[in-house]
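In what follows, a structure is listed as structure tokens, so that the remarks can point back to it.
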Amino acid sequence: MHNIKDIRNNFDVFKSKIKSRNVNFKLDIIIDLDLKNRKLIKEKESLENKKKEISKSRDKTLFVKSKEMSKKIDKIAKDQLIVKKELDEILSSLPNLPLDDVPLGIDEKSNKEIKKYGEIKKFDFNPKSHYEIGENLKMLDFDLASITTGSRFVFVYDKLALLERAISNFMIDTHTQLNGYKEISPPLMANLGSMYGTGQLPKFENDQFEIKIENKNERKFLIPTAEVILTNMVKDTMVNLKNLPIRVVASTPCFRKEAGSYGKDTKGMIRQHQFYKVELVSIVENSKCLDELERMTKSASMILDKLKLPYRKVLLSTGDMGFSAEKTYDIEVWLPSEKKYREISSCSSCGTFQARRMKARYKNKENETVFLGTLNGSGLAVGRTLISIMENYQTKDGSIIIPEVLRPYMNNLDKIQKN
RNA sequence: GGAGAGAUGGCUGAGCGGUUGAAAGCACCGGUCUUGAAAACCGGCAAAGGGGCAACUCUUUCCUGGGUUCGAAUCCCAGUCUCUCCGCCA
């Protein structure tokens, strides 16, 4: 959520930053609404003040007048509320402002590669896609999932299911033991307030799976990412400075409608309605967001280092960033079958953007109440990690070598092969 | 699902129609003392919004939304959440 005062004082900067995010919305209306809003507030408050005086005087002869004023106040308050609501609706649907070092661009083509890591393996055969490998092993079944559930779901069997579980456990252990994150097993549903807090609502409602609930005052959603729940752990709270930074990690299923991506990645496990993801969330003093972003990105990429998978770090452009982000690094892993890097993690600093929506604050050293900084990142997407292991560690006969760091998590199994 | 109890500032907790934005304690910040710290003592300390260059000032807020009243944290109605007991159940 944007601060109207900041917008007012720096409208041109605000305008150009929002524009850089490919929002075409006539922003000038914000100024109009703000002016109108403040005018009505002024009117209302002056009447309220007079009314208060009457009440304080306890002068019975003025009581009638006071009653009239109440009616007037009600009317103005109603008008004011309409204006305020319109203003808030606009402000809450505008994305965060990108930091100055974020490359300008309309999509991923403008992303800036920071660095490549690891070595791309040369195969002496034509590497297969993960879904070919999985189906040959009879350990992935997309057809069955489409019968029981629908498209973009999958059954994972046997040793491949074990591998998926191992990946998740390995990641959590790494983050808790080496990177200072605390493990959480959170609810997998979020209420309206939480969805708003992290920025999934109101703008991206049609990407969310909503749970049907009898009580229509109550809305619940399956989490599209654990970020929603983990970040909202500080919603409406005043965090004690000495408890910062807060670093938490959770492995959860994530649910997304993937509306608008019809025909994209329809084959395989790349883009599913349900997938596991290990999520990192940091809650920090707002001045420390950028340091924390570097730290978080390192924590995430450490996983790929340990798995010995080739990847690259990319700085996203203004057009490719998520709604709440002010700066985002993507980590992209090499997929031999596609002969390109694919996103496996996205680490974002949201600055105070989410904290404003959540009313999540702390008292700084000067004893002022200020908004927290929030960051989130995948550490990593489990499904896509599974894919990348299958593809990068495949052998000519269709088996999969288990990366060494995962073997302790798989009863020391070193290879998955056809039964 | 049935029966009760509750929701007040960062926290604990008083207040139950009119100088109550709200006692007290804790926490926090500043100071005195101390070689330093602790303790003790003194002082400060809610948020959001409006107006003002500023000092400052005004409005709103005691779970949420309605209502009664000149006036509501306090009274009435509806809802949400939390806790306790009973039932059912992983």
Side-chain angles (χ1 to χ4, degrees), chain A residues 1-10 30-92 185-197 211 213-221 229 232-246 253 283-287 352-373:
Chain A
M1 181 66 152
H2 296 283
N3 185 334
I4 185 69
K5 277 185 184 169
D6 295 344
I7 296 176
R8 213 183 280 153
N9 295 333
N10 278 307
I30 292 172
I31 295 295
D32 294 345
L33 288 169
D34 179 42
L35 245 66
K36 219 191 258 177
N37 182 233
R38 283 189 289 158
K39 186 175 156 254
L40 289 168
I41 287 173
K42 228 196 260 182
E43 278 175 40
K44 186 182 75 168
E45 289 190 351
S46 98
L47 277 174
E48 277 170 342
N49 186 238
K50 280 180 198 149
K51 195 182 146 192
K52 222 173 177 176
E53 291 300 322
I54 293 175
S55 171
K56 264 189 193 158
S57 75
R58 299 203 212 176
D59 182 345
K60 284 194 178 110
T61 62
L62 295 172
F63 286 176
V64 183
K65 207 173 158 191
S66 170
K67 250 189 158 164
E68 279 170 24
M69 289 171 111
S70 294
K71 276 180 201 156
K72 240 189 236 173
I73 291 171
D74 276 358
K75 167 115 188 24
I76 298 172
K78 242 179 218 164
D79 291 346
Q80 194 260 122
L81 210 71
I82 291 168
V83 174
K84 181 72 168 48
K85 214 177 145 197
E86 196 182 342
L87 185 59
D88 282 347
E89 260 165 36
I90 292 168
L91 293 182
S92 63
S185 174
L188 303 179
M189 295 185 201
N191 60 25
L192 195 76
S194 295
M195 295 292 278
Y196 175 81
I211 312 291
I213 290 181
E214 309 72 41
N215 181 352
K216 51 182 185 286
N217 296 318
E218 195 189 348
R219 299 181 68 186
K220 289 201 196 324
F221 301 82
I229 285 290
N232 276 287
M233 285 171 76
V234 294
K235 183 171 101 180
D236 291 319
T237 59
M238 184 77 85
V239 178
N240 195 317
L241 183 59
K242 64 183 174 219
N243 293 331
L244 295 176
I246 296 168
I283 314 285
V284 301
E285 288 176 67
N286 56 38
S287 57
T352 58
F353 186 81
Q354 292 179 324
R356 283 177 203 284
R357 294 175 152 245
M358 296 189 295
K359 293 199 172 54
R361 300 165 298 177
Y362 69 102
K363 281 204 200 297
N364 65 15
K365 288 192 190 77
E366 286 72 44
N367 220 25
E368 302 159 325
T369 303
V370 289
F371 288 107
L372 288 158

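Here the structure is a predicted model, which is why all the values come from computation and not from measurement. For the numbers below, each heavy atom of this structure counts, side chains included, while hydrogens, waters and symmetry mates do not.
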With the sugar-phosphate defined as primed atoms, P, OP1 and OP2, and the base as all remaining atoms, what B/S/- string results for nucleotides 55-63 of chain B, 5' to 3', for protein heavy atoms under 4.0 Å?
-> ---BBS---
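With hydrogens and angles disregarded, a donor-acceptor distance shorter than 3.5 Å links the side chain of A:Asn9 to the backbone of A:Lys5.
Minimum atom distance to the side chain of A:Asn367 is reached by B:G44, of the listed B:C70, B:G44, B:G50. Here the nucleotide nearest the side chain of A:Thr369, chosen from B:C28, B:G51, B:A47, is B:A47.
For RNA chain B, if you chain together Watson-Crick or G-U pairs that step i with j, i+1 with j-1 and so on, the runs of at least three with distances under 3.5 Å are B:1-7 with B:80-86, B:10-12 with B:24-26, B:28-32 with B:40-44, B:46-51 with B:56-61, B:63-67 with B:75-79.
Side-chain nitrogen and oxygen atoms of A:Lys363 include none within less than 4.0 Å of the OP1 or OP2 phosphate oxygen of B:G10. Residue A:Arg361 has no polar side-chain atom (N or O) positioned under 4.0 Å from OP1 or OP2 of B:A47.
The side-chain hydrogen bond (donor to acceptor under 3.5 Å, both in side chains) test applied to A:Glu45 returns no partner, not counting sequence neighbours.
There is no side-chain donor-acceptor pair under 3.5 Å between A:Asn49 and A:Ser46.
Taking atom P on both B:U12 and B:G2, the two are 30 Å apart, rounded to the nearest angstrom.
Within the 4.0 angstrom heavy-atom criterion, no nucleotide atom of any strand lies near A:Lys359. A:Ser55 comes within contact range of at least one nucleobase, with a heavy-atom separation under 4.0 Å. Among the heavy atoms of the strands lying under 4.0 Å from A:Lys51 are primed sugar atoms or P, OP1, OP2 only; no base atom is included.
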